[in-house]
Q: 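Dumping the structure here so I can ask a few things about it.
We number each residue from 1, following the sequence as shown.
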Amino acid sequence: FLMPGFLGAYHRFKQRFQEPIELEGDTECQAQLAQRVAPFILRRTKADVLKELPPKTNILRYVEMADEQADLYETLRLSMHKTVRDTIASLGIEKSQIIVLDALLKLRQTCCDPRLLKIAAAKKAHHISAKLDVFENLVKSLASEKRKILVFSQFTSMLDLIEQKLNDANIESVMLTGQTKDRKKPIDAFQKGDVPVFLISLKAGGVGLNLTAADTVIHYDPWWNPAAETQATDRAHRIGQDKPVFVYKLIVKNSVEDTILKMQDNKRALVDGLFAETNAKTKSRLSDNDLAALFAPL
């Protein structure tokens, strides 16, 4: 934008840098690109700028599905994996994105709560959600310690189910989604200490909020982009925060969520490689091995 042609014409850039880095994990090309753009990048991390911030502790809480929920996951995994393989075989990976994403969406929803699935096969497991049970016990424990909690999910329908669960446990909460008309009301209620739990959709509350009353963040489900999760967490871990912040990630063990977590590490390494030379081999596109991992059995 500022210096057209600095990295060559796009087709040349793609041939020289983009494809070797993204498709082949070429660390030498990655280092060359990082070196070329380094004089024009000023990057200061939050740790460099805000040295007075209290510590942030990340905690992975693994969940194991059982009974009807695990059976549902396996049934969907087998059928969707076959559909994905057949579609890719006939159309190729580039033209199969919608099918792949739809299949992964159903598996992710099963991990969260079978009630998110609008298919008849899920009805048997509608009364079982291992993750929601773990979440309930975690929030009860945190609330008894007078902790102030932010809960993030990508699924607004999941937030509705969480709200219902909290109501049953007599734990007050407020919610912020893209449908919320008066954003100030739930924000003020949480910041003033009127309620202990703030339910937030990742897209509606990932940026632009200052919620330093919180000392705990729970990510109910993982998102592909690790930067989006970090931005959401930083609603609490920012200027004005004077308490240590604890960040929980609820992950169904050996599921698509577990694989997403590993892919997040790859994507983070790819982005970091732009700012500093790295020996880590990274890829940003789904390979056959990636697909096999995403659709692996529990």
Q: Can you name the nearest heavy-atom pair linking Thr180 to Pro186, along with the distance?
A: CG2-CG, 4.4 Å
Q: Atom CD in Gln154, atom OH in Tyr220: separation rounded to 0.5 Å?
A: 12.5 Å
Q: Taking CD in Glu145 as the centre, count heavy atoms belonging to other residues, nucleotides or ligands within less than 6.0 Å. Is the count above 12?
A: yes
Q: Please walk me through it: do Asp113 and Arg115 pass salt bridge (charged side-chain N to carboxylate O under 4.0 Å, His left out)?
A: CA-CA 5 Å; Asp113 193 301; Arg115 288 174 289 180; 3.0 Å; yes
Q: Can you name the nearest heavy-atom pair linking Pro222 to Ile251, along with the distance?
A: CG-CD1, 3.9 Å
Q: Give a yes or no on whether the backbone of Asp160 and the side-chain of Lys165 come within a donor-acceptor separation of less than 3.5 Å.
A: no
Q: Is it possible for you to say whether Phe13 and Met3 belong to one hydrophobic cluster, with membership spreading through side-chain heavy-atom contacts below 4.5 Å?
A: yes
Q: Distance-only, no hydrogens or angles: does the Glu172 side chain make a donor-acceptor pair with backbone N or O of Val195 under 3.5 Å?
A: no
Q: Which pair of heavy atoms, one from Ala232 and one from Leu202, lies closest together, and at what distance?
A: CB-CD1, 3.6 Å
Q: Are Thr233 and Asn58 packed together at the side-chain level, in the sense that at least one heavy-atom pair is separated by less than 4.5 angstrom?
A: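 SC-SC contact between Thr233 and Asn58 ruled out.
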Q: Phe155 versus Leu161: any side-chain heavy-atom pair under 4.5 Å?
A: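 With C-beta onward as the side chain, the pair stays apart.
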Q: Would the distance check show the side chain of His237 and the main-chain N or O of Pro54 forming a donor-acceptor pair, the cut-off being under 3.5 Å?
A: yes
Q: Nearest 0.5 angstrom please: Asp215 CG to Asp242 CG, how far?
A: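 That separation rounds to 10.0 Å.
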Q: For the backbone of Ser173 and the side chain of Glu163, can you confirm whether one donor and one acceptor N or O come within less than 3.5 Å of each other?
A: no
Q: To the closest 0.5 Å, what do you measure between CG (Leu105) and CE (Met80)?
A: 9.0 Å
Q: What is the distance from atom CG of Asp182 to atom CD1 of Ile187, rounded to the nearest 0.5 Å?
A: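 The CG atom of Asp182 sits 9.0 Å away from the CD1 atom of Ile187.
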Q: Would you indicate whether the side-chain heavy atoms of Val252 and Asp258 approach each other to under 4.5 Å?
A: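 In short, these two side chains do not touch, never coming nearer than 4.5 Å.
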Q: Looking only at non-hydrogen atoms, find the nearest pair between Ser201 and Gly178 and report the distance.
A: OG-N, 4.0 Å
Q: Check the hydrophobic clustering (I, L, V, M, F, W, Y; side-chain heavy atoms under 4.5 Å; chains of links allowed) and say if Ile128 and Tyr73 are grouped together.
A: no
Q: Using every non-hydrogen atom in the two residues, find where Pro196 and Phe190 come nearest and quote the distance to one decimal.
A: O-CE1, 3.6 Å
Q: Go through it in stages, so that I can follow the logic: the residues are Arg61 and Leu138, the test is side chain to side chain contact (heavy atoms under 4.5 Å, CB included), and I'd like the CA-CA distance, side-chain angles, deciding distance and then a yes or no.
A: CA-CA 10 Å; Arg61 182 66 62 88; Leu138 175 60; 4.1 Å; yes
Q: Could you walk me through whether Ile260 and Leu104 pass the side chain to side chain contact (heavy atoms under 4.5 Å, CB included) check?
A: CA-CA 10 Å; Ile260 288 173; Leu104 294 176; over 6 Å; no
Q: Any side-chain to backbone donor/acceptor pair from Arg235 onto Leu211? Under 3.5 Å, distance only.
A: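 Not a single qualifying donor-acceptor pair exists.
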Q: Should Val197 and Ile59 be regarded as members of a common hydrophobic cluster, given that ILVMFWY residues are connected when their side-chain heavy atoms come within less than 4.5 Å of each other, either directly or indirectly?
A: yes
Q: When you group the ILVMFWY residues by side-chain heavy-atom contacts below 4.5 Å and let the links chain together, are Phe17 and Val37 in the same group?
A: yes
Q: To the closest 0.5 Å, what do you measure between CD (Glu257) and CG (Asp221)?
A: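 Those atoms lie 6.5 Å apart.
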Q: At what distance, to the nearest 0.5 angstrom, does CD of Gln32 lie from CZ of Arg36?
A: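 Gln32 CD to Arg36 CZ: 10.0 Å, rounded to 0.5 Å.
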Q: Does Thr212 reach the side chain of Gln191, with side-chain heavy atoms less than 4.5 Å apart?
A: yes
Q: Counting N and O atoms only, with roles assigned by atom type, does the side chain of Tyr248 sit under 3.5 Å from a partner on the main chain of Thr216, one being a donor and the other an acceptor?
A: no
Q: Would the number of heavy atoms belonging to other residues, nucleotides or ligands and lying under 6.0 Å from CD of Glu64 be above 12?
A: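 Open: at most 12 neighbouring heavy atoms sit under 6.0 Å from CD of Glu64.
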Q: Using the side-chain contact (heavy atoms from CB on, under 4.5 Å) definition, which of the options Thr87, Asp86, Leu101 pairs with Ser96?
A: Thr87
Q: Compare all side-chain heavy atoms of Lys243 with those of Lys148 and state whether any distance is below 4.5 angstrom.
A: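 With C-beta onward as the side chain, the pair stays apart.
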Q: Go through the steps to decide whether Leu72 and Lys124 satisfy the test side chain to side chain contact (heavy atoms under 4.5 Å, CB included), and finish with yes or no.
A: CA-CA 8 Å; Leu72 172 64; Lys124 277 188 179 179; over 6 Å; no
Q: The test is side chain to side chain contact (heavy atoms under 4.5 Å, CB included); show your working for Lys249 and Leu261 and say whether it passes.
A: CA-CA 10 Å; Lys249 284 187 179 182; Leu261 210 60; 4.1 Å; yes
Q: Is Leu91 linked to Val100 within one hydrophobic cluster, defined over Ile, Leu, Val, Met, Phe, Trp and Tyr using a side-chain heavy-atom separation of less than 4.5 Å?
A: no
Q: With side-chain contact (heavy atoms from CB on, under 4.5 Å) as the test, pick out the partner of Phe295 among Leu78, Leu107, Thr259, Leu76.
A: Leu107
Q: Is the shortest heavy-atom distance from the side chain of Gln15 to the side chain of His11 under 4.5 Å?
A: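 No, every pair of side-chain atoms sits at 4.5 Å or beyond.
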Q: Taking the six-membered ring for Trp, are Phe152 and His219 parallel (under 30°), tilted (30 to 60°) or perpendicular (over 60°)?
A: parallel
Q: Identify the two heavy atoms, one from Arg16 and one from Cys29, that lie closest to each other, and give their separation to 0.1 Å.
A: O-SG, 3.5 Å
Q: Examine distances only and state if a side-chain atom of Thr110 and a backbone atom of Gln69 form a donor-acceptor pair shorter than 3.5 Å.
A: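 Flag not set: sc Thr110 to bb Gln69 has no pair under 3.5 Å.
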Q: Treating Thr75 as the side-chain partner and Asp71 as the backbone partner, does any N or O pair qualify as donor plus acceptor under 3.5 Å?
A: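 A pair under 3.5 Å: yes.
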Q: Please confirm whether the backbone N or O of Asp234 pairs with a side-chain atom of Arg238, one donor and one acceptor, at under 3.5 Å?
A: yes
Q: In the structure I gave you, are the side-chain heavy atoms of Val139 and Ile162 within less than 4.5 Å of one another anywhere?
A: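 No, side chains not in contact.
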Q: Just wondering, do Leu7 and Leu33 contact through their side chains at under 4.5 Å, heavy atoms?
A: yes
Q: Any idea how Phe6 and Phe40 line up, ring-wise: parallel (<30°), tilted (30 to 60°), or perpendicular (>60°)?
A: perpendicular
